[in-house]
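One structure is given here, and the rest of the page talks about it.
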Amino acid sequence: QTCALPIYLLSITNGTYFASNLNIEALDGGTIDLHSVYQIKDGQGGDLQYRAVSVTADGPSSLVDLTGLTTFQDDYAYDNNGYARFSVLTAKNSGSILTPNLKTLQGVSLTLGSGSNLSVDSITTITGSQIYVNGGSVELTNASRVNGTSFFVSSGGKLSLPAAQYYVQGATGNDQYRTFRATGVGSELDLGNLLSITNGVFYDSNLVIEAVDGGTIDLHSEIGRAHV
């Protein structure tokens with residue numbers, strides 16, 4: 001007697017040619033089951049320009065199941081010439097992405113806040129990425145490594161990172177910017193437990209810290225210690 005074993009998709013890797021883009025989209029109540037996938041990554045080598053992997057859940061009851069995912073990695077998300085793209089992880093308009101085991105983001109643009117349902121409690125490392133919070137309150141409770149990541153908070157949202165104690169700008173080449181920005185009344189970026197901030201070592205490395213139109217950035221532990 002033969003017993004057929006189930007076959008599960010374990011890894012997703014993007015292509016290596018110019019403008020290779022892999023888009024995973026659950027829209028208008030659709031569901032994508034990728035529960036066994038443990039890693040998503042951009043391809044290695046090849047033509048690195050305009051490549052990205054994008055995961056989106058948009059609309060009520062739209063669901064991407066990534067319960068097994070631990071790592072989402074894009075090694076070439078930031079360059080000096082504007083040719084690179086961040087990979088994307090976005091749940092919006094009441095869409096949901098299930099990521100209860102996600103630990104590491106590299107080179108990913110992550111959008112959170114009002115109208116999104118995306119599990120972030122297990123994330124410990126966010127490097128070379130972008131975090132957007134558009135309304136709502138988000139706490140990245142366990143994210144202790146955040147080097148090279150930019151943070152944008154707007155629409156009265158709040159983003160706090162209580163485990164982050166050290167920040168390095170993390171430029172990988174000349175003329176690179178990283179940004180901490182809170183825009184609008186009630187918008188708050190809480191990095192109050194940072195003990196040090198260190199700028200990049202390349203030519204024209206920039207770290208921009210901006211509170212705009214009533215926004216607030218809390219760096220109260222960092223006062224007098226910045227190396228920017």
Side-chain angles (χ1 to χ4, degrees), residues 8-26 32-57 64-92 96-112 116 118-133 138 140-152 159 161 163-164 166-173 176-179 200 202:
Y8 295 113
L9 180 65
L10 300 178
S11 179
I12 295 174
T13 303
N14 194 24
T16 58
Y17 285 91
F18 175 86
S20 294
N21 287 276
L22 176 57
N23 298 315
I24 300 167
E25 299 179 326
I32 300 176
D33 185 353
L34 296 169
H35 73 273
S36 59
V37 171
Y38 73 93
Q39 68 173 359
I40 298 174
K41 59 182 181 178
D42 191 25
Q44 296 294 310
D47 189 331
L48 303 172
Q49 299 178 84
Y50 299 110
R51 294 192 336 211
V53 180
S54 297
V55 181
T56 302
V64 180
D65 186 346
L66 286 166
T67 51
L69 185 68
T70 62
T71 302
F72 193 167
Q73 180 177 345
D74 186 335
D75 291 329
Y76 195 68
Y78 201 107
D79 70 355
N80 308 329
N81 302 309
Y83 296 133
R85 288 180 176 175
F86 287 89
S87 288
V88 174
L89 187 61
T90 300
K92 57 186 179 179
S96 300
I97 300 178
L98 304 183
T99 53
N101 296 299
L102 180 60
K103 297 185 181 302
T104 301
L105 292 174
Q106 180 177 329
V108 176
S109 181
L110 174 65
T111 301
L112 300 165
S116 71
L118 202 158
S119 311
V120 296
D121 290 344
S122 62
I123 297 175
T124 60
T125 300
I126 309 169
T127 53
S129 295
Q130 297 178 330
I131 307 298
Y132 291 88
V133 172
V138 176
L140 292 167
T141 308
N142 297 304
S144 58
R145 295 185 59 204
V146 295
N147 291 340
T149 293
S150 293
F151 303 99
F152 303 90
L159 172 61
L161 295 99
Y166 305 97
Y167 182 87
V168 177
Q169 192 259 10
T172 57
Q176 292 187 7
Y177 284 75
R178 307 293 189 265
T179 303
F202 286 88

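Note that this is a predicted model, so its numbers are computed, not measured.
A distance of 11.0 Å separates CZ of F151 from CD of Q130, quoted to the nearest 0.5 Å. With rounding to the nearest 0.5 angstrom, the CD atom of Q73 is 8.0 Å from the OG1 atom of T127.
When each of V120, L161, T124, I123 is paired with N142, the side chain to side chain contact (heavy atoms under 4.5 Å, CB included) condition holds for T124 and for no other. With respect to L34, the side chain to side chain contact (heavy atoms under 4.5 Å, CB included) criterion is satisfied by exactly one of I97, L66, V55: L66.
No donor-acceptor pair under 3.5 Å is formed between the side chain of S87 and the backbone N or O of S54. When atom types are taken as modelled, the side chain of Q176 and the backbone of Q169 share no donor-acceptor pair closer than 3.5 angstrom. In this structure a side-chain-to-backbone donor-acceptor pair under 3.5 Å is present from R178 to G148. Under the 3.5 Å distance criterion, the side-chain polar atoms of T149 are matched with a main-chain donor or acceptor of S129.
Considering only heavy atoms from C-beta on, T179 comes within 4.5 Å of F152 through its side chain. In this structure the side chain of T56 never reaches within 4.5 angstrom of the side chain of V64, judged on heavy atoms. Within the 4.5 Å cutoff, side-chain heavy atoms of I40 are placed close to those of L69. With contacts defined as side-chain heavy-atom distances shorter than 4.5 Å, the pair Y167/V146 qualifies. Looking only at side-chain heavy atoms (C-beta outward), Y8 and H35 come within less than 4.5 Å of each other.
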Residue pair T71, Y38: steps toward the side chain to side chain contact (heavy atoms under 4.5 Å, CB included) verdict: CA-CA 7 Å; T71 302; Y38 73 93; over 6 Å; no
Does N21 form a side chain to side chain contact (heavy atoms under 4.5 Å, CB included) with R85? I'd like the steps, not just the answer. CA-CA 10 Å; N21 287 276; R85 288 180 176 175; 3.3 Å; yes
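S96 and A57 make their closest contact through O-CB, 3.3 Å (heavy atoms, listed as atom of the first residue, atom of the second, distance). Listed here is the closest heavy atom pair of F86 and D74: C-OD2, 4.1 Å. Between S11 and T13, the shortest heavy-atom contact is OG-OG1, 3.9 Å.
Side-chain contact of D47 with Q49: a donor-acceptor pair under 3.5 Å is present, judged by distance alone.
With sequence neighbours excluded, the residues satisfying salt bridge (Lys or Arg N to Asp or Glu O under 4.0 Å) with R51 are D42.
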Expected list for residues 100-111: side-chain donor-acceptor pairs under 3.5 angstrom, two or more places apart:
from	atom 1	to	atom 2	distance (Å)
N101	ND2	T67	O	2.6
Q106	NE2	D75	OD1	2.8

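A 6.0 Å sphere centred on CZ of F18 holds more than 12 heavy atoms belonging to other residues, nucleotides or ligands.
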